Amino acid sequence: MIRLIEVTQDDIDNGKPGECNSCAIALALRREYKTDRVDVGIDDYSLPYLMVNTNPFEVKTKWKDLNINSFMERDVLDFIDCFDNQNNMDYPSPKPFTLEVVEWYKIK
């Protein structure tokens, strides 16, 4: 299933730079999926990953792995870079954007 998620100026203003699960993208995921169980980061291959869990009571926890295409990967990496360095004048300010994801489940 394809889902469009708005990362808003409010998310940017209230997110915490350098904190993967409290950053602007994590806040947008929390709002969209109505859960605090999110996982946002950059893997060992320098690719972004986004995951959510909407049911904390399952014994075997099902996580939605949110896939993004290569164009969106670049946008997400650029956003994270700007967001985490927003107090550095050498970086542009992060701007709101629409995140397009494709959901699939995996057992974690």
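Bear in mind the structure is a predicted one, so any value in this text is a computation, not a measurement. The first residue in the sequence is number 1, and the count goes up from there.
- Follow the hydrophobic side-chain contacts under 4.5 Å out from I42 and you reach F79 in the same cluster.
- Looking at N85 and P17, their side chains never come closer than 4.5 Å, going by heavy atoms from C-beta outward.
- Pairs passing the salt bridge (charged side-chain N to carboxylate O under 4.0 Å, His left out) check and including a residue from residues 20-30, sequence neighbours excluded, read R30-D36.
- Checked options V7, D13, D11; the residue passing with Q9 is D13 (criterion: side chain to side chain contact (heavy atoms under 4.5 Å, CB included)).
- Counting heavy atoms from C-beta outward, E100 and I2 have side chains that approach closer than 4.5 Å.
- With sequence neighbours left out, N69 forms a side-chain hydrogen bond (donor to acceptor under 3.5 Å, both in side chains) with no residue at all.
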Contacts under 3.5 angstrom, residues 70-77 side chains, donor-acceptor by atom type, not counting sequence neighbours:
{"from": "R74", "atom 1": "NE", "to": "D78", "atom 2": "OD1", "distance (Å)": "3.3"}
{"from": "R74", "atom 1": "NH2", "to": "D78", "atom 2": "OD1", "distance (Å)": "3.0"}

Can you give me every donor-acceptor pair (side chain of residues 18-27, partner residue at least two apart or in another chain, under 3.5 Å) with its distance?
{"from": "N21", "atom 1": "OD1", "to": "V40", "atom 2": "N", "distance (Å)": "3.3"}

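- I5 is listed as a side-chain neighbour of L29, based on a closest heavy-atom distance under 4.5 Å.
- Residues satisfying the salt bridge (charged side-chain N to carboxylate O under 4.0 Å, His left out) criterion with R3, sequence neighbours excluded, are E32, E103.
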Can you list, pair by pair, the side-chain donor-acceptor contacts under 3.5 Å of residues 87-99, counting residues two or more places apart and other chains?
{"from": "N88", "atom 1": "OD1", "to": "D90", "atom 2": "N", "distance (Å)": "2.8"}
{"from": "T98", "atom 1": "OG1", "to": "E6", "atom 2": "OE1", "distance (Å)": "2.9"}
{"from": "T98", "atom 1": "OG1", "to": "E6", "atom 2": "OE2", "distance (Å)": "2.8"}

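- Taking all atoms of both residues into account, the shortest heavy-atom contact from Y33 to L66 is OH-CD2, 3.4 Å.
- No side-chain heavy atom of V101 sits under 4.5 Å from any side-chain heavy atom of M1.
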